[in-house]
Amino acid sequence: MTPYSPDPDWWKSATGYQIYPRSFACSNGDGIGDIPGIIGKLDYLADLGIGFIWLSPVFSSPQADNGYDISDYQDIAPEFGTLADMDRLILEAKARGIGIVMDLVVNHSSDEHHWFRSALQGREVPYRDFYIWRDPVNGGAPNDQQSYFGGSAWEYDRASGQFYLHLFDKKQPDLNWQNPSLRRAIYQMMNWWLDRGIAGFRMDVIDLIGKDPDAQIFADAPDLHPFLREMHEATLKGRNVVTVGEAWSATPAGALLYSGRDAGELSMVFQFEHVSQQWDPVIGKWAPKPFDLVALKRVFNRWQAATAQDGWNSLFWGNHDLPRAVSKYGDGSEDSAKMLAIVLHLMKGTPYIYQGEEIGMTNAAFSAITQFRDVETVNFYAIRTAKGMDPQAFIQGANENGRDNARTPMQWTSGTQAGFTTGTPWIEVNPNHTAINAKAAQSKPDGVFATYKSLAHLRKSHPIIVAGTYTPLLEYHPKVVAYLRKHQGQCLAVIANFTGDPVTFDPNLTLQGDSLIATHTARTALNGPLTLAPHEAFAILG
Ligand code: GLC
């Protein structure tokens with residue numbers, strides 16, 4: 001299904017693809033990816049079989065957080081192109097049956113947005129209340145709330161003698177969703193984009209908009225769902241679009257509040273339980289925990305169960321904030337990349353591919369802080385090393401979990417700068433592009449690209465992948481992922497060796513059928529004990 005079919009559930013059988021525009025394809029040699037660059041790669045994406053692109057922000061922005069700091073929601077940053085380029089992208093994608101999902105970053109704006117500039121003019125100006133201002137307490141910040149990017153979440157404005165809230169960088173002041181005029185302005189802007197023909201929105205840190213800063217409740221605050229329902233009524237209702245909310249706080253118990261069929265809010269959320277269960281509970285992602293497959297499966301299984309009758313899941317291994325899947329969950333090898341794709345895409349939900357994942361791109365291996373570009377990494381390096389952390393230990397953590405891993409340029413060819421730009425890229429190209437690149441990947445009949453392509457096409461022709469029930473198997477096996485999908489008398493068994501060692505076990509399952517997909521040799525039957533090669537994965541449809 002495509003976004004342009006009348007089916008209101010088109011996004012259930014579609015595969016999403018995230019583009020981080022800065023690092024995707026540069027058309028003009030300035031070292032920064034751009035919209036014409038994306039247009040030039042639409043045939044590649046159509047070949048892969050995706051249904052929609054989630055486009056990370058391309059709006060006007062001083063780029064303090066690579067576009068997640070927007071200074072004009074209704075214009076395009078010059079380094080990415082023009083509004084005319086954007087309209088052309090929407091049309092050219094549509095011609096290939098691909099929808100464009102824009103990134104809605106409305107928890108905060110840039111401090112260079114005209115709303116904030118006006119707000120700085122004094123306590124009495126109308127836009128003042130579009131942001132969150134508080135008086136000092138005992139001469140200091142109103143409370144000890146910390147920013148997600150390090151340091152206090154309150155910034156002092158000397159001219160007015162008040163602090164403003166910024167849960168991210170100080171160049172990302174939080175918008176005050178309690179103000180009805182602000183909400184109306186956002187809904188108007190959303191409708192303006194929807195009327196231009198986009199296929200929906202990915203909503204940045206949307207679980208924070210209901211915040212009650214005085215009670216220090218930020219995520220999942222009481223006003224969150226009323227605001228989302230109001231937004232739906234004002235913008236999305238009656239439109240055949242997809243919406244996915246980024247919600248780090250989402251739990252299986254709360255999932256249906258967002259995506260239940262009567263919720264009147266969103267199509268689905270991105271939840272992050274499978275990501276954060278591998279971080280140190282106190283120090284967070286800079287101190288990764290050893291990988292635990294049983295814990296990972298428990299998270300997936302809980303989410304599958306929570307959305308079994310109602311609601312919908314998004315399925316993803318990576319994005320622009322996370323390490324590369326094949327490095328985090330695999331061992332960097334092609335076989336592990338293919339296994340990860342099969343395990344994820346055959347669960348129930350809409351799968352998302354993060355650019356480069358479909359060719360097996362790996363983490364960066366930076367050795368000095370000067371190679372990093374990400375505001376979060378750079379800030380925390382300063383904070384943690386000032387507190388005595390060994391700089392090399394920090395860099396090791398950043399190489400495992402830092403956000404720049406996913407932001408190195410897309411590897412198109414084995415040539416200069418991986419074919420990403422004719423100039424100097426804004427962040428270094430991974431030297432392994434000589435071996436890992438789209439051109440090589442596309443020419444391998446059984447490679448990573450072919451696997452992703454098969455999966456994207458299979459979900460369009462096999463309703464069992466979209467609608468089948470999900471039953472986990474071997475939940476406590478430390479090396480194997482296995483589950484069953486069932487639909488209208490059919491049964492799909494998905495079995496994978498998550499490790500780099502051979503594994504022998506008994507799935508306790510008898511099934512005869514056809515091979516749907518396989519990393520190694522095709523398998524058509526299950527009966528008794530089984531030995532899998534390292535990272536072998538397969539699916540049998542019986
Ligand atoms: C989201 C984005 C991330 C950004 C942050 C603030 O988590 O994915 O890249 O830094 O929100 O907008």
Side-chain angles (χ1 to χ4, degrees), residues 16-24 33 53-71 73 77 80 101-113 116 131-132 145-151 153 155 165-175 177 186 201-211 218-220 224 243-250 266 268-276 279 284-286 314 316-324 352 354-355 372-380 398 401-408 426-427:
Y17 186 94
Q18 184 191 353
I19 290 184
Y20 195 65
R22 211 177 175 75
S23 303
F24 191 62
I53 292 169
W54 151 26
L55 183 61
S56 278
V58 288
F59 312 95
S60 303
S61 162
Q63 307 288 332
D65 186 18
N66 290 354
Y68 283 91
D69 48 319
I70 297 172
S71 54
Y73 290 96
F80 294 140
V101 170
M102 301 291 274
D103 214 316
L104 185 76
V105 189
V106 289
N107 171 68
H108 45 268
S109 72
S110 163
D111 65 340
E112 298 185 28
H113 193 290
F116 192 74
Y131 296 88
I132 298 169
Q145 182 60 39
Q146 295 294 294
S147 142
Y148 292 110
F149 289 166
E155 181 72 11
L165 179 74
H166 62 91
L167 290 178
F168 294 89
D169 193 69
K170 65 176 183 221
K171 286 188 68 62
Q172 295 167 295
D174 278 57
L175 288 163
W177 273 73
I186 288 173
F201 290 107
R202 175 264 185 186
M203 302 185 184
D204 193 65
V205 288
I206 203 68
D207 57 341
L208 301 179
I209 62 172
K211 66 182 74 76
F218 295 96
D220 220 3
L224 168 64
T243 49
V244 48
E246 185 198 23
W248 282 82
S249 64
L266 305 175
M268 61 190 121
V269 289
F270 287 131
Q271 60 83 18
F272 292 87
E273 277 196 283
H274 61 302
V275 173
S276 47
W279 297 352
K285 67 178 173 185
W286 312 111
S314 56
F316 67 98
W317 285 124
N319 67 26
H320 66 292
D321 296 328
L322 301 173
R324 288 280 178 185
Y352 290 77
Y354 178 68
Q355 69 183 38
F372 290 87
R373 298 285 176 272
D374 171 33
V375 56
E376 181 189 44
T377 309
V378 170
N379 284 357
F380 274 102
N401 275 335
R403 307 200 301 177
D404 277 337
N405 283 311
R407 300 179 179 184
T408 61
W426 68 278
I427 187 169

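Note that ligands are numbered from 1 as they come in the structure, with each ligand's atoms numbered from 1 the same way. Below, all heavy atoms of this structure are taken into account, side chains as well, without hydrogens, waters or symmetry copies.
- Given atom 7 (O) of ligand 1, the protein heavy atom at minimum distance is Glu246 OE2, 2.8 Å.
- Contacts between Arg403 and ligand 1 below 4.0 angstrom, taking non-hydrogen atoms only, involve the side chain exclusively.
- Taking the charged nitrogens against the carboxylate oxygens, Asp321 and Arg407 do have a contact shorter than 4.0 Å, which makes a salt bridge.
- The proximity of Phe149 to ligand 1, defined as any non-hydrogen pair under 4.0 Å, is limited to the side chain.
- Using a cut-off of 4.0 Å between Lys/Arg side-chain N and Asp/Glu carboxylate O, Asp374 and Arg403 are scored as salt-bridged.
- Taking a 4.0 Å cut-off on heavy atoms, His108 registers as neighbouring ligand 1.
- Cation-pi check for Arg373 over Trp426 is not met; the charged atom does not lie both under 6.0 angstrom from the ring centroid and within 45 degrees of its normal.
- The closest heavy-atom contact to atom 12 (O) of ligand 1, among the options Asp204, Asp321, Leu167, Val205, comes from Asp204.
- Legend: residues meeting salt bridge (Lys or Arg N to Asp or Glu O under 4.0 Å) with Lys170, ordered by chain and number and at least two apart, are absent.
- Evaluation of the side-chain contact (heavy atoms from CB on, under 4.5 Å) rule for Tyr148 yields Leu167, Phe168, Leu208 as partners, not counting sequence neighbours.
- Counting only heavy atoms of the protein, atom 5 (C) of ligand 1 lies nearest to Phe168 CE2, 3.8 Å.
- In this structure, the protein non-hydrogen atom closest to atom 10 (O) of ligand 1 is Asp65 OD2, 2.4 Å.
- Side-chain atoms of Ser147 never come within 3.5 Å of backbone atoms of Asp169 as a donor-acceptor pair (strictly under, hydrogens ignored).
- Of the heavy atoms in Arg202, only side-chain atoms (C-beta onward) come closer than 4.0 Å to ligand 1.
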